[in-house]
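Data block below; observations after.
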Amino acid sequence: MSRPTQFGAVIVGDGTRFSLWASGSKTAAVEIEGHGSFPLEPIGGGYFEAHLRGVGKGALYWFRLDDGPRLPDLASRYQPKGSDGPSVVVAKDFAWTDENWRGVEPRDAVLYELHIGTFTPEGTWLAAKAKLRELRDIGVSVVQVMPVGTFKGHFGWGYDTILPYAPFAPYGLPEDMRAFVDKAHALGIGVILDVVYNHAGLGDYYGSYSAQYLTDRYETEWGATFNYDGEGADAVRHFIIGNAVYWIEDFHLDGLRIDAAQAMHDASDEHIIAELTRAVRAAAGKRKVYVVVENQPQERKMIEPPEHGGYGVDSMVSDDFQHAVRVAATGHNDFYYRDYLGTPQELVSALKYGFLYQGQRSDMRNKAYGTYNLDTPPEHFVHFLENHDQVANSARGFRLSTLATPARLRAVTALFLLGPQTPCLFQGQEFGATNPFLYFRGLEDEEARAVAAGRRASLTNFPSVADPAMQARLPDPSDGTTFENSKLDWSESERHSGIRALYRDLLAMRREDASFSQSSERRIDGAVIGDAALLMRYFTPDPAGHRLLLLNLGRDLPIGAVAEPLLAPADGHRWTLAWSSEHPDYDGAGQRPMDPKEFWILPSDCAIVLKPES
C-alpha cells in the first residue's frame, strides 16, 4: 500500500501536493477557489493524492468526497475564516535564525505555561513575543503553550482541537508563530506545545472523512477517542504522528506536552505515545526534544525507556504536590482535594518521591491509585502551584495570590521553586497576578448553553459551588467578558515588584547553586518539625554544599531542643542564614535574628534557607 509522506497541502516544486485519507470513499477532489475542481487519485488503502502545478501559497481550497459537501482539510495549515471555512495553502519559507539552537535540556528546566489568547491584551503571537525577554529575565527556560490547533468558536482554551495542523487564526499567521519560536530561541528559551491526541472537539469533521478515525470501543469522559488499534488505525496513527512531527519540523518546536495520556487507548505492540515520542526525537535530529505527559493514573511506564517496555517520555505532571500545597495554604480539601490533608509530611513526601499516590487506596476514587515511583529521579516529575485547570476549577477562577496571605504565598513559593522536581509556572504567577483565569469557550446558541450547563454540573462537586446563590453567579463560558477578564494585567508586574523579585531570586538560586541542581550529585531528605513545619536537607559530597530549607505555615515555632538529626550541621561547620521569604525586597516583614546554636524562632508563614560556614 502506498501512502503520502504528509497529509494536507504541501508546496512541492512548482505546485502543491494535496493528500488525504478517506477510507470508504470512492472518489475525492480538491476544489480551489478561482481555479476549479480537480480529482485526487486513489493510491491505495483509502489514500488520495494529486500534485497541481501553478497552485501555491495563499490558495484557498476545500476537499469533496464522493461529490458530497465541501469539507475543510483535516490537515489544514491555516483556517482564516474559522473551522468551517476554506483551508489555505501555507509556505514554509520562514527566515529562521536559530541554526545554532540545540534544544531543551530536560534537567534543570523551568517551565512556564501560557495561553496565547490571554497572555497579553492583544492575544496574539507577536504580542506574546514581546514579553519573552521578561520571562527570560525571571529565569524561565521553557515556554509551554496551551493548545493552538483550530477549534470551533471565537475563543477557547484549545483542548477541543478539531483541525490540529492549523494554528488558531485569531492568534495570528503561521509565520507569527514561527517568529515567536525563533525569538524564544534567540533568548535561550525553548518552546513546547500542549497537544490533544485523546479526543476530538465539538464540530469535528473526522467522521466525514472516515468512520475509522474515531472509536467508541473505549470509555472516556470526553466521548469518542482516536482509533489507535482497530481497523484503519495505521492511517490514524500516521495522521497523529505526522502532526507531532510537523510541529517539530515546520515550527522548530522543542517538544510536546501530551494532554490526558491515559485516554489515548492503544493495545498495539507499540503504544502510540512510544511511537510518537520516537518519531519526534528522530525529526529533531541533533536538537534535544522534551516530552511531558499529563497522566492521571501516574503510570511509571510513561517515563521508562523503550528497552524496558516504557514509552520513553521525559517527565510526568504531578497533581499531588499542588493538591497538598493547596490544602496546606487554604485549609480546604473538598471534592478531589479530599485525598489530601496538607500536612508537612505530605509536602516532604511529595518532594522526596514526586507522587504521593503510588498504588495505595484513594478515597475519592475508592480504589488503588498510582504506580510505584519511589526511586524515580526528580527530573521526571513536573510540579506546579497553579495551572489552567487548578485555577479555573472553582467558581470564580481565583489564584493563590487571592486565596492565601502574601506571607504564606511567599513561603510555599520557596518550597515549590527550590524543590527537586521540575517547576512549571502559570502565566502571571511570577508577579502575583490577581485577575481570575476562567473557563471560556466562545460558542453560540444551543452549543453555548450546553457547554455552560456542563460546566455548572462539573463544578457542583465543590459544595460551595452547589450553593444556588453561587450557581447564579457562575461566569458564562461563552460570554466575551469571561474571556476578557482572564487576560493578564501586565501593569501588575510593576506594581507587584516584590513577588517578581522573589521569583527572580529563587530561580537564580536554583540555577546558580549546584546544591539545588538536578544535574549535581546531591540527595535530599526531609522531616516534620512541627504541626505545620518541615525541613528539607540537601546533601552534597562536599559538606560546604549542604543546604537546609525550613518552612513554617503555622504559628511562630520555637526552635529550642528539636530531636531531629537533619537539623545538625556537618562536622566543622555551623548554619548561617542565606535567604528568607520575609526579606523586605519581597515586601516581607523582615527576618528575626537567629543563631542555630541558641534558642530561636522560625516565624509563622515563612521559609528560610540555611547554608554552612566553617
Side-chain angles (χ1 to χ4, degrees), residues 62-63 68-76 78-87 115-118 123 146-171 194-211 213-216 219-226 259-260 263 388-389 391-397 436-461 465-466 470-487:
W62 308 80
F63 285 142
R70 298 189 303 182
L71 300 171
D73 180 3
L74 289 182
S76 167
Y78 189 49
Q79 293 289 125
K81 298 181 181 180
S83 61
D84 296 327
S87 302
H115 175 266
I116 292 296
T118 57
M146 287 172 64
V148 300
T150 294
F151 51 87
K152 185 174 185 178
H154 307 295
F155 49 79
W157 281 10
Y159 291 94
D160 291 299
T161 299
I162 55 177
L163 300 176
Y165 286 74
F168 190 52
Y171 299 159
D194 203 337
V195 290
V196 186
Y197 296 146
N198 56 73
H199 77 290
L202 184 68
D204 75 89
Y205 286 93
Y206 289 104
S208 299
Y209 280 82
S210 173
Y213 260 110
L214 303 175
T215 178
D216 58 6
E219 182 178 349
T220 76
E221 58 183 298
W222 305 287
T225 185
F226 285 100
D259 179 68
H388 65 276
D389 276 327
V391 175
N393 283 350
S394 62
R396 303 177 67 182
F437 187 78
L438 303 163
Y439 179 74
F440 45 83
R441 185 79 202 279
L443 298 170
E444 298 175 352
D445 303 325
E446 186 56 39
E447 290 176 335
R449 288 189 287 272
V451 168
R455 185 66 177 172
R456 284 196 300 273
S458 67
L459 290 180
T460 54
N461 288 294
V465 184
M470 183 56 75
Q471 283 278 303
R473 289 169 171 80
L474 289 178
D476 181 356
S478 65
D479 189 335
T481 303
T482 304
F483 173 54
E484 292 296 325
N485 287 344
S486 299
K487 293 191 174 189

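Predicted, not measured: the structure shown is a model, and the values here were computed from it.
Between Phe151 atom CZ and Leu443 atom CG the span is 9.0 Å, to the nearest 0.5 Å. To the nearest 0.5 angstrom, Ser486 atom OG is 9.0 Å from Trp157 atom CH2. Residue Phe63 holds its CZ atom at 4.0 Å from CG of Asp73, rounded to the nearest 0.5 Å. Between the OG atom in Ser478 and the CG atom in Asp445 there is a gap of 9.5 Å [rounded to 0.5 Å]. How far OG of Ser87 is from OH of Tyr78: 12.0 Å, rounded to the nearest 0.5 Å. In this structure, NE2 in His388 is found 8.5 Å from CG in Asn393, a value given to the nearest 0.5 Å.
Applying the salt bridge (charged side-chain N to carboxylate O under 4.0 Å, His left out) test to Glu444 and every residue at least two apart in sequence or in another chain returns nothing. Partners of Tyr171 according to the side chain to side chain donor-acceptor pair (under 3.5 Å) rule, which considers only residues two or more places apart in sequence or in another chain, are His115. Remark: Asp160 pairs with Arg441 by the salt bridge (charged side-chain N to carboxylate O under 4.0 Å, His left out) rule, at least two apart or across chains.
For an aromatic pair to be called close, the ring centres must be under 6.0 Å apart, and His154 with Phe483 fails this.
For CD of Glu446, the number of neighbouring non-hydrogen atoms (other residues, nucleotides, ligands) closer than 6.0 Å is greater than 12. Shown here is Arg396, whose CZ atom has no more than 12 heavy atoms of other residues, nucleotides or ligands within 6.0 Å.
Nearest heavy atoms, Gly203 versus Ile162: O-CD1, 3.4 Å. Residue Tyr159 comes nearest to Asp194 through the heavy atom pair OH-OD2, 2.5 Å, listed as atom of the first residue, atom of the second, then distance. Residues Asp476 and Ala452 come closest through the heavy atom pair OD1-CB, 4.1 Å. The two residues Tyr206 and Pro164 have their closest heavy-atom pair at OH-CD, 3.4 Å. The two residues Val195 and Tyr197 make their nearest non-hydrogen contact at CG2-CE1, 3.5 Å.
In terms of modelled atom types and a separation under 3.5 Å, the side chain of Thr161 and the main chain of Leu163 share no donor-acceptor contact. Side-chain atoms of Thr225 come within 3.5 Å of backbone N or O of Ala263 as a donor-acceptor pair. In this structure a side-chain-to-backbone donor-acceptor pair under 3.5 Å is missing from Asn485 to Thr482. Asn198 places a side-chain N or O within 3.5 Å of a backbone atom of Asp259 that can act as its donor or acceptor partner. Side chain of Gln79 to backbone of Gly85: a donor-acceptor contact under 3.5 angstrom is found.
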Evaluate Leu74 against Tyr213 for side-chain contact (heavy atoms from CB on, under 4.5 Å), listing each step before the verdict. CA-CA 11 Å; Leu74 289 182; Tyr213 260 110; 3.6 Å; yes
Yes or no on side-chain contact (heavy atoms from CB on, under 4.5 Å) for Leu214 and Phe226, after CA distance, side-chain angles and deciding distance? CA-CA 4 Å; Leu214 303 175; Phe226 285 100; 3.7 Å; yes
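Leu202 is listed as a side-chain neighbour of Glu447, based on a closest heavy-atom distance under 4.5 Å. Annotation: side chain of Phe155 is not in contact with side chain of Thr118 (no heavy-atom distance under 4.5 Å).
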